[in-house]
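Some notes on the structure that comes next.
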Amino acid sequence: MTGDAGLAEQRIFDLDEGELERRLSETWETPRGIWGALTTVDHKIIGRRYIITAFVFLILGGLLALAMRLQLAQPEARFIGPDRYNQIFTMHGSTMMFLFAVPVMEAMGVYLVPLMVGTRNIAFPRLNAFSYWIFLAGGLLLWIAFALDTAPDVGWFAYVPLSGPQFGAGKRADIWAQMITFTELSALAVAVEIVVTVFKQRAPGMSLDRIPLFVWAMLVTSFLIIMAMPAIMFASSSLILDRLVGTHFFNPAEGGDVLLWQHLFWFFGHPEVYIIFLPAVGMVSSIVSTFARRPLFGYLPLVMALISTAVLAFGLWVHHMFVVGLPQVGESFFTASSMTIAIPAGVQIFCWLATLWDGRPQFKTPFLFVIGFIVTFVIGGLTGVMVASVPFDTQVHDTYFVVAHFHYVLIGGAVFPLLGAIYYWFPKMTGHMMSETLGRFAFALIFIGFNMTFFPMHILGLEGMPRRIYTYQPEMPWAGMNLFVSASALVLASGFFIFFVDVLRSARSGAPAGANPWGASTLEWATSSPPACFNFARIPVVAARDPLWSEPDELTVATGLRTDRRELIVSSLVEAQAEARESSPRNSIWPLLSAIATTIMLIWSIFSPWAVVWGSIPIAIALIGWFWPKQVPEDES
Amino acid sequence: MKERVTLDVSKLPLHGMGTASPTWWGTLAFMLIEGSGFGLAIAVYFYLMSLAKTWPIDAPAPGLWPGTCLTVLLLASIVPNLVLSRRARQQDLRRVRIGLIVMSILGVLPLIFRAFEFTVLAVRWDDNAYGSIVWVMLGLHTTHIVTDLIDTLVLTCLMFSRHADNPRRYGDVHDNALYWNFVVAAWIPLYLCIYWVPRL
């Protein structure tokens, strides 16, 4: 494409940098003001919004955790009653899993993947806008219900029959089930966007073996979401049907089965751990490579480890059900498969260690969080192997040992890398550096506070303290350690407080970042910080796995996209050869209107099955408005 | 950082068709999601069957004729659908319009048979778990027929409007045809489960 035929077009488009950026800005800019905020389809704005919203839910979920620790600090405390406590631990788990952990990882993907693969917007940007609005609606539904004292109280897993029509009076369980539908709709939409962005919108030359590890991680995660999340949607929809129209999926008296719920829930629930963990693996890989100042050791094994983890993730769900009385051969199989997942996890850890071994590590804040991750995740992984064993699991099931284990895995495995990732990519997102001093202080408090909070829970579990209890008797030998855990939770919370203070302070007045403050190698650092609305004035052409290191002074680029349309390059699946130009949709109010219509239908359907019929009509109208062409330039041939 | 131009994309086609189109991949991804949903429904069907003393529970096997007629109709609809898909690739507007009208009719007809299918199930959704799962299976598939029908009707209107003669719209027709094939393919295992498994 660089022959004579292209030269005429080059002359047309070979504008000087300032003029090119001015024209692109006119085409790609989101209007200012409320209208712009409601209609934007810019992945960076939506991604940032998504991340901030998820962190707000983290704060809310964290405050609930502190409330629980206050209640459990002393035996027979009267701070929270049992009913409210049930709501609080349900809200804490549901918020952290469905409104923070999964969405924040996807949100990081929404922001970063298009930049890392060198394109101008995510695939299906209107769907992206819709996914955010619908996620927000689901979160608001849950938290408004909590404020109105009608929050779900059946745990984040909502086991039947407690959540079924026989025992779960009122609308609490319905609200939980419908919140699931909101968040899964959102998650599935983002997963599709990321898959298609990675498959079809990679910069020319970014063949499969040149994709950044974080992008690989998001791609694999998206497939996990696509395959796993229908299970929880099927389960929650069946639960609503049981409660609303009298179906009998989970009613043993009429041929249903309560264990069916657990199978469906954990068929989703265990892959969900990896939906949260795998993006973190990608973040760690990015940070390790940058701060070790060398390409990752074992790129191919790391990719294989991501894929094999995802495959194995579907063969583990029964280890959550070891105590329900399944056939022994099944238990043996799931014990073996659960332990097998330690292999790809080990491969990843050793690849990172080998990278560091051969590198020149710089101990900046993002890297400190990676070290915290390695330590805590290894502990969580070891206890994971322990609970994968049926006899041990039978002993500690539903005790605080399990609470300790999964917090080590989820906070150690995902939140530490996420915080490191925020420190790492914050300069790109805002144009400002976060404070190194506050960052180290926050890391120290979070790391120490985390271990002081959750390590003793292993011991409490081994001493027999059950989960999900709102109080305990003074005769039990748990009081001293519970008080210690509760006090430690304050240390952990203070670390998060400093982190948020640093974020707010740095966003306003942090030191200017420049395009590539860490000297990193991937494409997002090839553009300004924060990136312009069009991401790249000229789309990069990739010739190496670490493009900014292979040619540090020069970026090879493509030309020929029109500046008066939102055009981007579509590339082939394997070699990423440019094969077409595609128009990216303009801003639109229809995704928001569709989300509102969907919200009305979903909430209404908690009360009446007819909502599905009548509520579908405004959704259909909104979708037609969404897709109907407006004779804007990108719709002209 | 300096930039060096090594590729000119100005001569590339607008809106790739088939695998060159992001929409094609998006459609495929949604089919994967929905296929997972159908797969789960079938898994639940067999799971509940494995627990039941008799299957169907307290009901005769459903009547065969409406479901079988619908199956034949759906399978027959693949032929004009493939023709439509080919015409869309050739960007033949007149034949695409005809094909869309045909496919709109072929979207409505199955719904008539589907209405009869619900009447021959001989069990209500709230009678027992067997009734629940077969109603959900039929409901799930009916939703897909209705969704595709609406999509086809809107696309038909669009192709009679001034927006029609555009590579992007032909791509939409092509992807819509792909989705109909999925709706038909997804029905076959459901049909076998609902109508033939109880007769084994």
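Per chain, numbering begins at 1; letters A, B, ... match sequence-line order.
Only the backbone of B:Asp127 comes within less than 4.5 Å of a heavy atom of chain A; no side-chain atom from C-beta onward does. Using a 4.5 Å cut-off between heavy atoms, A:Glu193 does not touch chain B at all. There is no contact between A:Leu623 and chain B, counting heavy-atom distances below 4.5 Å. The contact between B:Ile57 and chain A is made entirely by side chain atoms (from C-beta outward), counting heavy-atom distances below 4.5 Å. Neither the backbone nor the side chain of B:Thr147 comes within less than 4.5 Å of any heavy atom in chain A. Neither the backbone nor the side chain of B:Ala43 comes within less than 4.5 Å of any heavy atom in chain A. With a 4.5 angstrom heavy-atom cutoff, A:Leu568 does not touch chain B via any of its atoms. In this structure, no portion of B:Ala52 lies under 4.5 Å from any heavy atom of chain A. Only the backbone of A:Pro552 comes within contact range of chain B, with heavy atoms under 4.5 Å apart. With a threshold of 4.5 angstrom between heavy atoms, B:Val136 approaches chain A through side-chain atoms but not through N, CA, C or O. Contacts between B:Leu51 and chain A at a heavy-atom distance below 4.5 Å involve the side chain alone, from C-beta outward.
The shortest non-hydrogen separation linking A:Pro230 to B:Gly37 is CB-N, 4.1 Å. Nearest heavy-atom pair, B:Leu48 versus A:Asp257, reported as atom, atom and distance to 0.1 Å: CD2-N, 4.5 Å. Here the closest non-hydrogen pair linking B:Asp8 and A:Gly560 is OD1-CA, 3.5 Å. Considering all non-hydrogen atoms of both residues, A:Ser583 and B:Arg168 come closest at O-NH2, 3.4 Å.
Put simply, the side chain of B:Ser132 gets close to the backbone of A:His248: a donor and an acceptor are under 3.5 Å apart. For A:Lys200 (side chain) and B:Thr19 (main-chain N/O), a donor-acceptor pair under 3.5 Å exists by modelled atom type.
Counting heavy atoms from C-beta on, the side chains of A:Met227 and B:Leu32 come closer than 4.5 Å. Residues A:Val192 and B:Trp25 fail the side-chain proximity criterion, which asks for heavy atoms closer than 4.5 Å. For the pair A:Glu582 and B:His15, the minimum side-chain heavy-atom distance is below 4.5 Å. Using a 4.5 Å heavy-atom cutoff, the side chains of A:Ile226 and B:Phe30 are not in contact. Side-chain contact between B:Leu7 and A:Thr559 is absent, with no heavy atoms from C-beta onward closer than 4.5 Å. With contacts defined as side-chain heavy-atom distances shorter than 4.5 Å, the pair B:Leu14/A:Arg565 qualifies. Residues A:Leu264 and B:Val44 form a side-chain contact, since some pair of their non-hydrogen atoms from C-beta on lies under 4.5 Å apart. Within the 4.5 Å cutoff, the side chain of B:Val9 has no heavy atoms near those of the A:Ile539 side chain.
Between chain B and the residues A:Ile569, A:Val245, A:Asn251, the largest count of heavy-atom pairs under 4.5 Å involves A:Val245. Between chain B and the options A:Phe627, A:Phe199, A:Phe250, the largest number of non-hydrogen pairs under 4.5 Å is found for A:Phe199. Between chain A and the residues B:Ala29, B:Ala20, B:Gly16, the largest count of heavy-atom pairs under 4.5 Å involves B:Ala20. The greatest number of non-hydrogen atom pairs below 4.5 Å with chain B, out of A:Ala231, A:Gly205, A:Ala189, is found for A:Ala231. Here A:Val557 is the residue among A:Leu573, A:Thr247, A:Val557 with the most heavy-atom pairs under 4.5 Å with chain B.
Rounding to the nearest 0.5 angstrom, the gap separating the CD atom in B:Glu3 from the CZ atom in A:Arg538 is 5.5 Å. In this structure, SG on B:Cys157 lies 8.0 Å from CD1 on A:Ile624, to the nearest 0.5 angstrom. A distance of 9.0 Å separates CE of A:Met233 from CD1 of B:Ile33, quoted to the nearest 0.5 Å. In this structure, CG on A:Leu555 lies 10.0 Å from CZ on B:Arg4, to the nearest 0.5 angstrom. Considering CD1 of B:Ile150 and OG of A:Ser616, their distance stands at 8.0 Å, rounded to 0.5 Å. Note: A:Phe249 CZ to B:Asn128 CG = 11.0 Å, rounded to the nearest 0.5 Å.
Within 6.0 Å of CZ on B:Arg97 lie more than 12 heavy atoms contributed by other residues, nucleotides or ligands. Remark: B:Phe116 CZ is loosely packed, at most 12 non-hydrogen atoms of other residues, nucleotides or ligands lying under 6.0 Å away.
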